[in-house]
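All heavy atoms count here, side chains included; hydrogens, waters and symmetry mates do not. Naming convention: chains lettered A, B, ... in sequence-line order (proteins, then strands); numbering from 1 in each chain. Only a predicted model underlies this, so the values are computations on that prediction, with no experimental measurement involved.
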Amino acid sequence: MKQIQAIRGTQDILPGEVERWYRVEAAAREVFGRYGVGEIRTPIFEDSQVFVKGTGETTDVVQKEMYRFTDLGDNDITLRPEGTPPVVRAYLQHKLGQGRSIDRYFYCGPMFRYERPQKGRYRQFHQIGVEVLGAESARVDAEVIAMAMQWLAELEVASPTLKLNTVGDEETRIAYREILVAAQAERLDELCGDCRARHVSNPLRVFDCKKPGCQAVIETLPVIQESLSAAADRHFNGVREALADWDIQAEIDPRLVRGLDYYRQTVFEITSSALGAQDSLLGGGRYDGLVAQMGGEDVPGVGFASGTERILLAMPEAPAEAATDVFVIAFDEGSVDTTHRFVHELRQAGLRALTYAYGGRNKRAQSKAARRSGAPWQLVVGPDEMAADRYTLRRLADNHEEVVSAGELPAVAARLVRHKASS
RNA sequence: GUGGCUGUAGUUCAAUUGGCAGAGCGCCUGCCUGUGGCGCAGGAUGUUGCGGGUUCAAGUCCCGUCAGCCACCCCA
């Protein structure tokens with residue numbers, strides 16, 4: 001029979017690896033908390049319209065990457081490919097905007113896109129993202145970026161580079177689109193098929209194309225910065241000034257364009273040179289208009305999404321944290337019952353205790369298991385100890401020993417372990 | 001969705017022109033040593049990713065398929 005395996009592009013996160021995930025998530029909660037951002041959890045699947053309307057009908061994500069199906073009740077369902085539209089949907093559904101002018105949320109969880117898997121790109125992948133709704137100030141854009149940078153710094157991510165651009169407000173985009181379409185039309189025959197299609201559907205996306213022929217044309221196309229409305233120009237300068245004021249280096253990239261339709265004004269991306277082709281750790285921007293697009297008031301928004309797998313790839317290998325405090329070894333068969341009783345008592349006392357004295361494992365096997373566990377403390381139970389009621393807790397790192405009776409063991413061990421944890 | 005590279009024990013990797021599937025580490029047992037990253041002796045583990053084909057003979061050659069990786073694409 002064929003071995004059943006995980007679906008292509010999905011993976012198991014195993015013990016020993018999951019601890020690094022905890023670290024990323026814990027740092028997110030902690031750093032985001034400093035900015036007043038609280039967690040929101042939305043369903044993993046939604047009505048497909050959430051993404052068709054939110055992410056945008058013309059995007060590749062919606063057109064060819066969604067896990068979209070009809071359920072048994074004949075509903076059009078999609079496994080979420082990104083986090084922003086569901087947050088906006090929840091924001092509207094629960095009328096979260098009432099009472100507060102600025103709402104800040106982060107989410108954390110799996111996303112699904114049907115793409116060809118590669119390192120740093122999976123069909124089920126994980127994102128941690130932030131959405132700030134109800135603020136139009138450029139300072140909030142800068143705060144969101146500062147928060148992302150702070151988080152990556154705490155995670156010791158390798159060489160993060162912030163790239164920043166503006167795609168203009170509505171007024172800018174209407175004016176710029178005309179100029180851009182005209183410029184592209186002049187050299188349409190030099191563009192690839194995809195770009196000729198984008199020229200009609202979404203001319204801004206032509207900037208994403210990496211084909212040499214298109215690159216040659218792109219070099220000559222007018223950039224949006226030259227068409228910025230006064231308001232958009234002021235906003236972008238506001239973001240840049242705030243970042244400069246907080247000593248955050250930003251590389252202005254006039255051709256940075258995001259692939260989702262809802263971005264307006266500020267867009268940014270943080271890449272890492274440690275990653276190869278899929279080098280984007282995190283991307284985001286402002287999405288004024290999305291809330292209205294999804295049926296709400298005209299509420300502005302700004303946020304980002306990060307790829308957890310990619311952050312993990314760019315993070316240093318953490319030294320393994322011991323998952324056990326005390327490992328108890330039975331010297332012989334006659335010591336096994338006492339060994340297990342001690343383990344039980346240590347656990348009752350709040351310690352992480354482990355033994356390997358099962359089914360006649362010899363001392364050698366137990367000793368190896370103790371080493372594998374990484375437990376800083378070891379206790380051997382043998383006939384001599386039991387006869388004298390004197391047991392030795394031994395710290396492997398420096399051979400420090402504490403001799404205790406059976407009755408004192410849990411309390412003494414708890415004190416020793418706590419002392420170590422706090423030092 | 002396109003093109004390419006790679007799949008051998010738990011793991012890292014060998015296996016000459018097609019010729020008996022192996023090693024290190026890890027794992028298990030015994031001996032030894034009262035607290036062993038020791039020593040000695042022994043042991044287990046594979047439909048060589050899967051399915052076909054060529055051949056006296058396939059880990060090796062051919063076809064298909066699945067998976068991973070690289071580039072494109074896309075994006076976080």
Side-chain angles (χ1 to χ4, degrees), chain A residues 1-11 14 55 59-66 81-84 107-130 148 152 192-195 198 205 208-212 214 256-260 263 267-272 275-285 303-314 327-332 335 356 359-374 377-385 391-396 399 401 403:
Chain A
M1 194 181 99
K2 211 165 135 188
Q3 178 65 247
I4 298 175
Q5 52 185 355
I7 297 292
R8 178 154 147 103
T10 71
Q11 48 183 1
L14 304 174
T55 309
T59 59
D60 284 339
V61 168
V62 169
Q63 282 185 355
K64 36 188 208 196
E65 295 175 359
M66 293 209 300
E82 60 140 340
T84 303
Y107 58 83
C108 172
M111 305 290 163
F112 305 85
R113 290 183 202 175
Y114 190 86
E115 294 187 276
R116 183 114 168 225
Q118 214 172 304
K119 189 190 286 287
R121 188 171 74 182
Y122 307 96
R123 290 184 174 179
Q124 175 176 334
F125 61 106
H126 296 77
Q127 288 193 330
I128 295 178
V130 169
L152 296 180
C192 70
D194 278 349
C195 286
R198 289 178 186 132
R205 295 285 311 288
D208 276 342
C209 192
K210 283 160 187 113
K211 295 203 176 71
C214 297
L256 175 65
V257 183
R258 305 232 48 82
L260 306 180
Y263 285 114
V267 293
F268 62 93
E269 183 172 63
I270 300 175
T271 59
S272 169
L275 249 52
Q278 311 300 324
D279 66 348
S280 179
L281 294 172
L282 177 154
F304 67 80
S306 70
T308 308
E309 286 85 353
R310 292 185 187 174
I311 287 176
L312 254 8
L313 285 170
F327 202 99
V328 189
I329 292 173
F331 188 76
D332 59 13
S335 318
Y356 198 46
R361 307 274 189 191
N362 64 19
K363 288 203 303 292
R364 182 200 194 83
Q366 291 187 55
S367 180
K368 286 195 168 195
R371 179 157 43 85
R372 252 201 321 272
S373 79
W377 292 89
Q378 204 172 85
L379 176 69
V380 174
V381 178
D384 294 354
E385 287 85 349
Y391 299 88
T392 306
L393 267 163
R394 178 187 169 86
R395 183 163 59 205
L396 268 57
N399 284 339
E401 295 183 345
V403 180

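- In this structure, CG of Leu14(A) is placed 11 Å from P of U11(B), rounded to the nearest angstrom.
- Remark on RNA chain B: of its neighbouring residues Thr392(A) and Arg310(A), the 5'-side contact belongs to Thr392(A), judged by nearest-heavy-atom nucleotide.
- Residue Gly83(A) is classed as having no contact, given no heavy-atom separation below 4.0 Å to the nucleic acid.
- In this structure, Glu82(A) CD and Met66(A) CE are separated by 10.0 Å, a value rounded to the nearest 0.5 Å.
- Phosphate proximity of C73(B) to Tyr114(A): absent, as no side-chain N or O sits under 4.0 Å from OP1 or OP2.
- Side chain of Lys119(A), nearest nucleotide from C74(B), C70(B), G34(B): C70(B).
- With P as the reference atom, A23(B) and G46(B) are 14 Å apart, rounded to whole Å.
- Only the P atoms considered, G3(B) is 34 Å distant from G10(B), to the nearest whole Å.
- Regarding Ile7(A), its CD1 atom lies at a distance of 12 Å from the P atom of C66(B), rounded to whole Å.
- Side-chain contact between Tyr107(A) and Gln127(A) is present, with at least one heavy-atom pair separated by less than 4.5 Å.
- Here C72(B) presents its C1' atom at 12 Å from NZ of Lys64(A), a figure rounded to the nearest Å.
- The CG atom of Leu275(A) sits 10 Å away from the P atom of C70(B) (whole-angstrom rounding).
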- So Glu269(A) and Ser280(A), side chain to side chain donor-acceptor pair (under 3.5 Å) or not? Walk me through it. CA-CA 7 Å; Glu269(A) 183 172 63; Ser280(A) 179; 3.2 Å; yes
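- Regarding contacts with the backbone of C66(B), every side-chain N or O of Gln5(A) stays at 4.0 angstrom or more from both OP1 and OP2.
- Taking side-chain N and O atoms only, Arg8(A) has a distance below 4.0 Å to OP1 or OP2 of G68(B).
- Mapped onto RNA chain B by nearest heavy atom, Ala6(A) and Glu309(A) fall at different nucleotides, with Ala6(A) at the one closer to the 5' end.
- Within a 6.0 Å radius of CG in Leu14(A), more than 12 heavy atoms belonging to other residues, nucleotides or ligands are found.
- Note on Glu115(A): a base of the nucleic acid sits closer than 4.0 angstrom, heavy atoms only.
- Nearest to the side-chain atoms of Arg371(A) among the listed nucleotides C75(B), C69(B), C38(B) stands C38(B).
- U60(B) and U8(B): their C1' atoms are spaced 11 Å apart (whole Å).
- Between the C1' atoms of G59(B) and C20(B), the separation comes to 14 Å (whole Å).
- Not a single donor-acceptor pair, N or O on each side, falls under 3.5 Å between the base of A67(B) and the side chain of Gln11(A).
- Between Gln118(A) atom CD and U2(B) atom P the separation is 15 Å, expressed in whole Å.
- Using a 4.0 Å heavy-atom distance criterion, Gly120(A) is classed as a base contact.
- Annotation: side chain of Arg116(A) is in contact with side chain of Arg8(A) (closest heavy-atom distance under 4.5 Å).
- You'll find the side chain of Lys119(A) stays beyond 4.5 Å of the side chain of Glu309(A), heavy atoms only.
- Residue-level contact check: Glu269(A) touches neither bases nor backbone, having no heavy atom under 4.0 Å from any strand.
- No donor-acceptor contact under 3.5 Å links the side chain of Arg364(A) to the base of U29(B).
- Here the nucleotide nearest the side chain of Arg113(A), chosen from C75(B), U35(B), C73(B), is C75(B).
- Between Ile128(A) atom CD1 and C75(B) atom C1' there is a gap of 17 Å when expressed in whole angstrom units.
- A donor-acceptor contact closer than 3.5 angstrom is absent between the side chains of Thr392(A) and Glu401(A).
- Considering only side-chain N and O atoms, Arg372(A) lies under 4.0 angstrom from the phosphate OP1 or OP2 of C27(B).
- Rounded to whole Å, atom P of C73(B) lies 18 Å from atom CZ of Arg123(A).
- The nearest whole Å value for the distance from the NZ atom in Lys363(A) to the P atom in C28(B) is 15 Å.
- Side-chain to base pairing of Arg121(A) with C73(B): one donor and one acceptor N or O lie within less than 3.5 Å of each other.
- Taking atom C1' in both C38(B) and A76(B), the straight-line distance is 50 Å, to the nearest Å.
- For the pair Lys368(A) and C27(B), the criterion of a side-chain N or O lying under 4.0 Å from OP1 or OP2 is met.
- Using atom P as the reference point in both U47(B) and C69(B), the two lie 23 Å apart (nearest Å).
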- Query: Using Watson-Crick and G-U wobble pairs with both distances under 3.5 Å, what is the 5'-to-3' dot-bracket string of RNA chain B, with [ ] for crossing pairs and | for pairs outside the strand?
  - Reply: (((((((..((((.....[..)))).(((((.......))))).....(((((..]....))))))))))))....
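- Listed nucleotides: G68(B), C28(B), G34(B). Nearest to the side chain of Tyr356(A): C28(B).
- Comparing C73(B) with U2(B), their P atoms are spaced 16 Å from each other, to the whole Å.
- Under the 4.5 Å side-chain criterion, counting only non-hydrogen atoms from C-beta, His126(A) is in contact with Pro110(A).
- Considering only the side chain of Ala365(A), U29(B) comes nearest among G34(B), C74(B), U29(B).
- Taking the C1' atom of each, G51(B) and A67(B) are spaced 15 Å apart, rounded to whole Å.
- Contact check for Phe331(A) versus Lys363(A): side-chain heavy atoms found under the 4.5 Å cut-off.
- Inter-residue side-chain proximity for Tyr391(A) and Leu393(A) is flagged as unmet; no heavy-atom pair is nearer than 4.5 Å.
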